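Working notes, structure below.
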Amino acid sequence: MARQKGVFYLTLFLIVGTCSLFFAFECPYLAIHLSPAIPVFAILLFFFVMAMLLRTSFSDPGVLPRALPEEATFIEMEIEATNGNVPAGQRPPPRIRNVQINGQIVKLKYCYTCKIFRPPRASHCSICDNCVDRFDHHCPWVGNCVGKRNYRYFYLFTLSLSLLTIYIFTFNIVHVVMRSVNSGFVKTLQDTPGTYPFMLVCFFTLWSVVGLTGFHTYLISLNQTTNEDIKGSWSGKNRVQNPYSHKNIINNCCEVLCGPAYPRYCTVLYCAVGPLVLCGHAYPRYCIVGPLVLCAPAYPSVLDRRGLMRDDLPVPTSAAEPATNSNPVPQTTKTTAPLIPNEHTPDDAKPSMADSAIAHAEKRSPSPREEKLPIPPLASPETDAEASIIAKDKAL
Amino acid sequence: EISAPWTFHNLQELRHSASLANKVFLQRDYSDGTTCRFQTKFPSELESRIERPLFEDTVKRLNIYYAEAEKMGGQSYLEGCLACATAYLIFLCMETRYEKVLKKIGRYIQEQNEKIYAPRGLLITDPIERGMRVVSLQLLLLLCVCVCERETDKEKHKDR
């Protein structure tokens with residue numbers, strides 16, 4: 001769950017509000033005059049939508065734990081050894097590792113915040129301040145990143161919400177028509193005034209959500225992420241072809257939607273202040289109000305099944321791993337303090353309801369921003385040639 | 001892949017490297033895609049510690065386990081469809097196949113550590129703790145940094 005939760009509460013309000021009005025004002029009439037199955041199906045669909053929404057919002061998207069100091073230093077030394085001695089005044093080359101995947105060369109970029117070379121398809125979300133595996137996008141409506149672990153829940157949420165919206169909208173029209181046939185159109189409007197604002201909301205939501213579902217269906221059939229689509233990673237003549245695609249729509253869909261349920265890498269506690277990501281020994285970023293304050297639907301599985309009460313848990317005491325350096329806390333503050341200015345909600349994170357699905361998808365590209373993060377020991381991110389090109393593009 | 005030929009220009013570097021040389025990292029093998037596999041290349045730092053076949057056996061076994069966990073077949077589809085039909089509430093009571101295999105992997109690593117690695121002064125950490133990015137092997141007994149270090153320290157004492 002991300003820190004800026006306002007839009008998520010709006011989503012909840014809109015869904016619950018619209019459905020409540022539908023159940024209150026239209027279902028009785030429809031149940032009597034048409035069939036009681038109509039509200040029953042609507043209720044089932046509503047519960048499914050809510051379950052998927054909560055599952056998407058409150059599940060770990062696939063956060064990659066940050067490198068422990070030893071691993072971080074090991075990687076730094078490898079980079080230094082590869083780059084050799086850079087003459088003073090010259091930029092060090094960008095930190096990139098080339099790997100071959102299914103016969104294609106893919107570049108793995110180094111994350112200055114997490115101090116790791118990001119696995120393929122992972123990306124750093126500046127809003128959540130984590131690297132996320134198979135990063136799709138950060139969705140403010142859901143209040144969380146969408147990544148490997150929760151992509152299918154997100155897709156099912158948009159799909160079921162499309163169905164629910166279409167269902168409610170259709171039966172609303174049916175209801176108005178039936179009443180108008182009996183008592184006239186104007187009287188119908190006078191009898192049930194409360195539902196119409198929400199029906200308007202429904203109408204606009206319909207286009208956005210259905211469009212978004214369609215877009216994600218397209219992405220799934222090609223086994224691409226929104227992030228890759230926006231960056232055009234696999235399009236264009238001189239670019240590599242998507243090495244992850246099975247070249248078969250059914251196989252791609254099966255992999256994304258019916259693949260195994262991937263495990264969590266980090267233990268996440270949700271508390272009143274905001275999510276606290278505990279990744280073994282590393283880098284907690286927020287204070288907590290007591291070690292086990294859980295708010296919102298507390299999934300039992302949010303607690304680490306291997307046992308939450310490992311020695312190295314809660315924040316303030318931050319027991320260090322015996323072999324690592326003895327001060328994880330100052331190290332934490334060193335990495336977090338400079339990051340805080342970057343962690344602003346982009347103004348475009350709250351699209352209007354009438355935005356098209358594509359526009360909605362396009363707004364989710366926080367990854368170029370993370371290049372302006374704290375200066376690592378050997379090279380500044382500003383000296384990263386690739387990053388500076390991206391920064392220039394953004395500025396234009 | 002980057003290979004890291006560390007060249008030591010001075011004692012500072014040697015000391016710095018030696019104090020950090022107590023962990024060896026095995027990287028992921030992405031040649032087949034994003035499914036979890038680790039490189040079976042034998043790191044040079046372990047040459048004096050453990051026999052190559054034992055090490056390669058361990059890594060290959062781990063790769064087999066991960067392949068089993070991530071295998072897409074009848075059972076995973078069935079699990080997925082059943083879970084979807086129950087709005088994924090079934091995962092509150094049931095353990096996923098992946099988690100079962102992870103437990104198996106945890107037990108395997110512990111067993112390997114007890115039988116093979118700890119007697120040789122090594123300790124494998126479960127890659128799940130590092131986001132499946134690396135398998136880290138900790139060298140339990142630090143190699144003694146040489147005479148040079150002691151001499152430098154003697155010089156320092158003289159200066160004081």
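None of the values given here were measured: they were computed from a predicted structure. Chain A is the first sequence line, chain B the second, and so forth, proteins listed ahead of strands; every chain is numbered from 1.
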Is the ring pair Phe157(A)/Phe154(A) parallel, tilted or perpendicular, if the boundaries are 30 and 60 degrees?
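Tilted: the ring planes of Phe157(A) and Phe154(A) meet at 30° to 60°.
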Please work out whether the ring planes of Phe25(B) and Phe74(A) are parallel, tilted or perpendicular, with thresholds of 30° and 60°.
tilted
Do Leu53(A) and Ser57(A) come within less than 4.5 Å of each other through their side chains, counting heavy atoms only?
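In contact.
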If you measure from the Lys or Arg side-chain nitrogens to the Asp or Glu carboxylate oxygens, is any gap between Glu56(B) and Lys41(B) under 4.0 Å?
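A salt bridge is absent here (no side-chain N lies under 4.0 Å from a carboxylate O).
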Using a strict threshold of under 4.0 Å (side-chain N to carboxylate O), is an ion pair present between Arg95(A) and Glu76(A)?
yes
Of the backbone (N, CA, C, O) and the side chain (C-beta and beyond), which part of [X] lies under 4.5 Å from a heavy atom of chain B, both, or neither?
X: Arg134(A); result: neither
X: Tyr153(A); result: side chain
X: Pro243(A); result: neither
X: Leu108(A); result: side chain

Top residue by heavy-atom pair count (under 4.5 Å) with chain A, among Lys103(B), Met132(B), Glu79(B), Gln75(B)?
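Of Lys103(B), Met132(B), Glu79(B), Gln75(B), Met132(B) has the most heavy-atom pairs under 4.5 Å with chain A.
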Region of Arg97(B) that comes under 4.5 Å of a non-hydrogen atom in chain A
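Nothing of Arg97(B), per the 4.5 Å heavy-atom cut-off to chain A.
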Let me know if Ala69(B) has heavy atoms under 4.5 Å from chain A in its side chain, its backbone, both or neither.
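Just its backbone gets close to chain A.
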Ignoring hydrogens and angles, tell me if any N or O in the side chain of Asn223(A) forms a donor-acceptor pair with the backbone of Asn252(A) under 3.5 Å.
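Side chain of Asn223(A) to backbone of Asn252(A), a donor-acceptor pair under 3.5 Å: no, none is there.
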